[in-house]
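Contents: one structure, followed by commentary.
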Number of protein chains: 2
Amino acid sequence: MSSRRTIRSTEPMALYGRGRVSAQRAAIAKAAEAMSGAFVAEELHRAVTSVEPGIGLATVYRAISAMQSAGTLVTVGERDGCALLAICVRGDHHHHLVCTECGAVVGIDCPIDETTMRAAAREGHLVTSHQIVLYGLCARCRARTENT
Amino acid sequence: MSSRRTIRSTEPMALYGRGRVSAQRAAIAKAAEAMSGAFVAEELHRAVTSVEPGIGLATVYRAISAMQSAGTLVTVGERDGCALLAICVRGDHHHHLVCTECGAVVGIDCPIDETTMRAAAREGHLVTSHQIVLYGLCARCRARTENT
DNA sequence: ATGAAAGTGAGATTGATTCTCACTTTGGGA
DNA sequence: TCCCAAAGTGAGAATCAATCTCACTTTCAT
Ligand SMILES: [Mn+2]
Ligand SMILES: [Mn+2]
Ligand SMILES: [Zn+2]
Ligand SMILES: [Zn+2]
């Protein structure tokens, strides 16, 4: 645990995959990485403008779309009618657990296994895609809530 | 298979659980039961008004809320930014497969098993609730699509 | 360096859903 | 059967996250 260095942030523009490097998008990506857990567009906008004033809300939405297209930002749920977003750089197929206490997002292995696929197939159905969101408590909040 | 009679429809107002029996809500419940598979609010409104003109869209939305509160109507996904709804009278915990071809909704047993719960617990997390939507082809559409 | 394409900010717009409000209907008691 | 408070209704206004418009600026391949 001495020389192992945890990589904490990707090169900002990497979140967009392809596209031009504008100062605004760089700031937005940086702010998105700094967010702790899931966030909504408005929160990201507030975070960015608190550091780099003048960036418009529409620009944040455009950056969000770009990151979603690049696959580095995903919708992990919804809160008060707003899309809940989170950065996701994990490459394999998985889903997300959103902590209802602190908003932290945790990657979860896909629970759709052969059993489910086979059960559907038994009835004649074919599952081509799915969408899963888990809610609960992250390790930290669970420990904090633990009494006795 | 001679004396077994399939129950095709519930008493209309039963979908609301508690509440007053207005002609509008009865018509809306009837229309909801007649819908084949998933539908959005606007489609339900069109269906009702085609039989019982004059019923307002707001009334349909209120009926939808009432049925959702009663647990007989659930949101099974989303289509073009509109909530996808479907009647669900199955009592046990399950999820839904929405046919991307015809909109049919099929009940699916919950795939969140001990394995998933344990995997999350191993990391210290606690899963308290979840939301799952499956997309694919219903038996009929799958058979129809099948070539050779 | 040049310019066509991509990005931006401010404000207008969209559109599903909810709310307001005056009016009507319902149904449990009296 | 009658009364009336509560619940429901219709039309239109309001909400509000998200998208679009447009004139202007920035980026970057050539
Ligand atoms: Mn992830
Ligand atoms: Mn169901
Ligand atoms: Zn937490
Ligand atoms: Zn189908």
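Naming: A, B, ... by sequence-line order, numbering from 1 per chain. Heavy-atom basis, side chains included; hydrogens, waters and symmetry copies ignored.
- Rounded to whole Å, the distance from OH on B:Y16 to C1' on D:dT9 is 13 Å.
- In this structure, the CZ atom of B:F39 is 16 Å from the C1' atom of C:dA16, given to the nearest Å.
- A:I112 and B:V133 sit in two unconnected hydrophobic clusters of ILVMFWY residues. Membership requires side-chain heavy atoms under 4.5 Å apart, directly or through other members.
- Not one side-chain nitrogen or oxygen of A:Q24 sits closer than 4.0 Å to the OP1 or OP2 atom of D:dT25.
- At a non-hydrogen distance threshold of 4.0 Å, A:A58, A:Y61, A:R62, A:G81, A:C82, A:A83 from residues 53-86 of chain A come into contact with DNA chain D.
- The side chain of A:S22 contributes an N or O atom lying less than 4.0 Å from OP1 or OP2 of C:dT8.
- One can place NE2 of B:H45 at 14 Å from C1' of C:dT17, the figure rounded to the nearest angstrom.
- Side-chain contact between B:Q24 and B:V60: absent, with no pair of heavy atoms (C-beta onward) separated by less than 4.5 Å.
- Nearer the 5' end of DNA chain C, as judged by each residue's closest nucleotide, is the contact made by A:R18, out of A:R18 and B:A23.
- Each of A:I28 and A:R20 was assigned the nucleotide of DNA chain C with the nearest heavy atom; the assignment lying further toward the 5' end belongs to A:R20.
- Contacts of A:V40 with the nucleic acid, taken as non-hydrogen atoms under 4.0 Å apart, are absent.
- Looking at B:Y16 and B:I28, their side chains come closer than 4.5 Å, going by heavy atoms from C-beta outward.
- Two rings, from A:H130 and A:H93, have their centers less than 6.0 Å apart.
- Under the 4.0 Å criterion applied to side-chain N and carboxylate O atoms, A:R79 and A:E43 are assigned as salt-bridge partners.
- The phosphate of C:dG7 (OP1 or OP2) has a side-chain N or O of A:R25 nearer than 4.0 angstrom.
- Proximity of A:L15 to A:R25: side-chain heavy atoms (C-beta onward) are nowhere separated by under 4.5 Å.
- Computed from coordinates, the A:E52 CD to C:dG9 C1' distance equals 15 Å when rounded to whole Å.
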